[in-house]
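Please read the structure below before turning to the comments.
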Amino acid sequence: MPPPTRSLLLFVLLLLTTLGHAQYGSVQATETGLLIQGADAGAQFMINGDAVTPSPADGGLLLAVEPGMQLIQSGGKTELYHLSKNPGPDRLRYVPLWLSILPPLIAIGLALLFKEVIISLFAGIWVGAFIAGGFRFEFFLGVIKSLLTTIDTYIINSLNDAGHLSVLVFSLMIGGMVAIISRNGGMAGVVHRMTKYATNPRRGQFVTWLLGVAIFFDDYANTLIVGNTMRSVTDRFRISREKLAYIVDSTAAPVASVAFITTWIGAELGYIGDGIEQVEHFAGTTPYAIFIESLKYSYYPVLTLAFILFLIFQRKDYGPMWRAEDRARTTGQVKAISANEAAVSEQEDLDPVPGAPLRARNAAIPVAVVILMTIIGLLNTGLESLAGNMDVPMSTNDWGAVWGALDGNFFGKLGLTIGAADSYVALLWASMSGVLVAIALTVGQRIMNIEQTIGSLTAGFKAMFSAVMILTLAWALALTTEELHTATFLVELLGSALNPYFIQPVIFVLAALVSFSTGSSWSTMAILYPIAIPLTWSVAMFSGWDEPEAAGLLYNVISTVLAASVLGDHCSPISDTTILSSLASDCNHIDHVRTQLPYALTVGSVAMACGFLSTLLGGGWTVCLSLMAGGLVLLFFVVKFVGRTMEMDD
């Protein structure tokens, strides 16, 4: 074990040992709960966020509670205790509330140290389980028990949820569909059909951008397919590999993060769903509806996609990218160096099978089915839910009848329907339908036999397994932060000092730094969403904001975590999509990072300013669209006046 890691673990263990035995004498454990000595008869108590009526007892008040973590709030005072189910003098343990921040902090710290997300999340869960167990060492047996608890309690409970399982199944099915339509030649057929429109450097770059946007449902498929296919086209027009890698990388995650049907959406809904469970205002609101509301604040993804177009059609670049483009145009050397490729990690083969016809419809039809079935699923489940909750029961669940009974205009009715829909069911219907159609097209045309097709499907499952592990561990970590009341600690720490107007830029910078350091957008969202959502709401309420204003700020923060995670991912040399973009484009990895960084930071700065101003101006679609337009104009003139023209780019 490296010395820094050993020192960190020793410090944490020493800290927990020292503080673990402190406890207030005014609180004592009894057979039926907790005895608060010296408490006034009229005192009001909240236990784990619920009002509890105390019973008079000798010298105080008795609170009936079950064994476990107990957050006691009364008279502006908050204390956290662990009540063990085992009798004994050490049954009750006082837990300093600030220790609740340790699990996510340790997950972040280890991710920074080891550049590995899965073991970092697991370590955070382990520490959280140890604290939630009253940090009892019991001759070191308590440490081992907490390790076992991470599996039999937190990880199992994170999977013992229909919504979580739906997210996992959806992600696996989409990954399998992507693998099938890649292997049957459908994706390559779409790409090759569009390459005939690339007749000069500008058109070559534009077609690359267009393909990056078109292959919206998976960032990995985007980078690998577009980079490998368009490389020969861009080389023909002396477009540098750095520019190709930038376009590929900067159209992958941005479009996948905000599109309605992607391999990202399941994870995003899972993270958002865990966060809003702690906000009573959103009880009954689906994560999908909240995701839709947050899209108006998606400045970074939209501005990034537009910024690439400004560079292409103004024929300008600046910084290291201009030097790379100038080298390629004037010398024909599309790569800065001709060194041998570095060893790379194993990745799934997305090339078409030998002899596969490159028919675009074999990819377009399954994708269209997924989109169509998602819409059908949302409408069906939403209208059924609305029909069941109407004041006057309807005699039929016919779509037309229910739709006609709703109040408001078309968009108002649509918002109500999507808000009431079961997005998990809709996504499951869509992913299953897409897979079945992809299999039928592949086997029906005898491109692959059933065994090969199912093999491609399972290969797609395998490609998504890392994401499944990250999701599961993230949910388990969220359970520990919920049990330890991490959000309560942060609210009490920052609630009276943090101005709601500055939450958005603070979270933007934090998310970008974490994503940059870990190289993973998903792990950043996993760590920040369960904390940022309840924190934002509580700070806004503490500052006296109305609920509609607080909801607007929350939508902004939800979009901010997502956008800043993508920004940090773009800037990070250890990001998986950044590495894949370099590999697929056959570009030196460091050259790709160095040339992309100024562009990402330029757009990120404008996006953060737009997000901050949207909070100051009250949010809403009009304000957000106006700021989006202002950001586009600003970036247009940045390219115009800072960029240098490619004279040979006809």
Taking side-chain hydrogen bond (donor to acceptor under 3.5 Å, both in side chains) as the definition, give me every residue that meets it alongside [X], ordered by chain and number, with sequence neighbours left out.
| X | answer |
| --- | --- |
| Thr442 | Asn184 |
| Ser582 | His589 |
| Thr595 | none |
| Thr536 | none |

Side chain to side chain contact (heavy atoms under 4.5 Å, CB included) between Met525 and Ile272, intermediate numbers included = CA-CA 9 Å; Met525 292 186 287; Ile272 293 172; over 6 Å; no
Using the test ring-ring contact (aromatic ring centres under 6.0 Å, His included), find all partners of [X] that sit at least two apart in sequence or belong to another chain.
| X | result |
| --- | --- |
| Phe313 | Phe206 |
| Tyr318 | Tyr599 |
| Phe461 | none |
| Trp322 | none |

Below 4.5 Å, heavy atoms only, C-beta onward: do [X] and [Y] meet side chain to side chain?
| X | Y | value |
| --- | --- | --- |
| Leu305 | Trp209 | yes |
| Pro366 | Leu441 | yes |
| His570 | Ser250 | yes |
| Asp317 | Arg644 | no |

task = Please lay out, stage by stage, how Lys243 and Gln205 fare under the test side chain to side chain donor-acceptor pair (under 3.5 Å).
result = CA-CA 9 Å; Lys243 189 63 171 292; Gln205 294 177 68; 2.9 Å; yes
key: Backbone of Ile558 reached by a side-chain donor or acceptor of Tyr529 within 3.5 Å   =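 A pair under 3.5 Å: yes.
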request  = Only counting residues at least two apart or in another chain, list the ones meeting side chain to side chain contact (heavy atoms under 4.5 Å, CB included) with Ile454.
outcome  = Ile439, Ile450, Leu457, Thr458
inquiry  = Leu597: which residues meet the side chain to side chain contact (heavy atoms under 4.5 Å, CB included) condition with it, sequence neighbours left out?
reply    = Cys571, Leu601
ask   = How many angstroms lie between atom OG of Ser456 and atom CE of Met448, to the nearest 0.5 angstrom?
value =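 Those atoms lie 3.5 Å apart.
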message = How long is the straight-line distance from CG of Leu295 back to CH2 of Trp621, given to the nearest 0.5 Å?
response =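 Between Trp621 CH2 and Leu295 CG, I get 6.0 Å after rounding to 0.5 Å.
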key: Thr602 vs Leu635, side chain to side chain contact (heavy atoms under 4.5 Å, CB included): CA-CA, chis, key distance, verdict   = CA-CA 8 Å; Thr602 298; Leu635 289 175; 4.0 Å; yes
inquiry  = Would you say the ring centers of Tyr501 and Phe612 fall short of 6.0 Å from each other?
reply    = no
query = Is the closest basic N to carboxylate O distance between Glu242 and Arg323 below 4.0 Å?
reply =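 The answer is no: the pair does not qualify as a salt bridge.
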query = Do the side-chain N and O atoms of Gln445 and Arg359 include a donor-acceptor pair separated by under 3.5 angstrom?
reply =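 Result is yes, a qualifying pair exists.
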query = Excluding sequence neighbours, so at least two apart, what forms salt bridge (charged side-chain N to carboxylate O under 4.0 Å, His left out) with Arg594?
reply =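 By the salt bridge (charged side-chain N to carboxylate O under 4.0 Å, His left out) rule, Arg594 matches Asp591.
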Enumerate donor-acceptor pairs with a distance under 3.5 Å from any side-chain N or O in residues 559-568 to protein atoms, sequence neighbours excluded.
| from | atom 1 | to | atom 2 | distance (Å) |
| --- | --- | --- | --- | --- |
| Ser559 | OG | Ser294 | O | 3.4 |
| Ser559 | OG | Tyr297 | O | 3.1 |
| Ser559 | OG | Ser298 | N | 3.3 |
| Ser559 | OG | Ser298 | OG | 3.3 |
| Thr560 | OG1 | Gln504 | NE2 | 3.3 |
| Thr560 | OG1 | Asn556 | O | 2.8 |
| Thr560 | OG1 | Asn556 | OD1 | 3.4 |
| Ser565 | OG | Val561 | O | 2.6 |

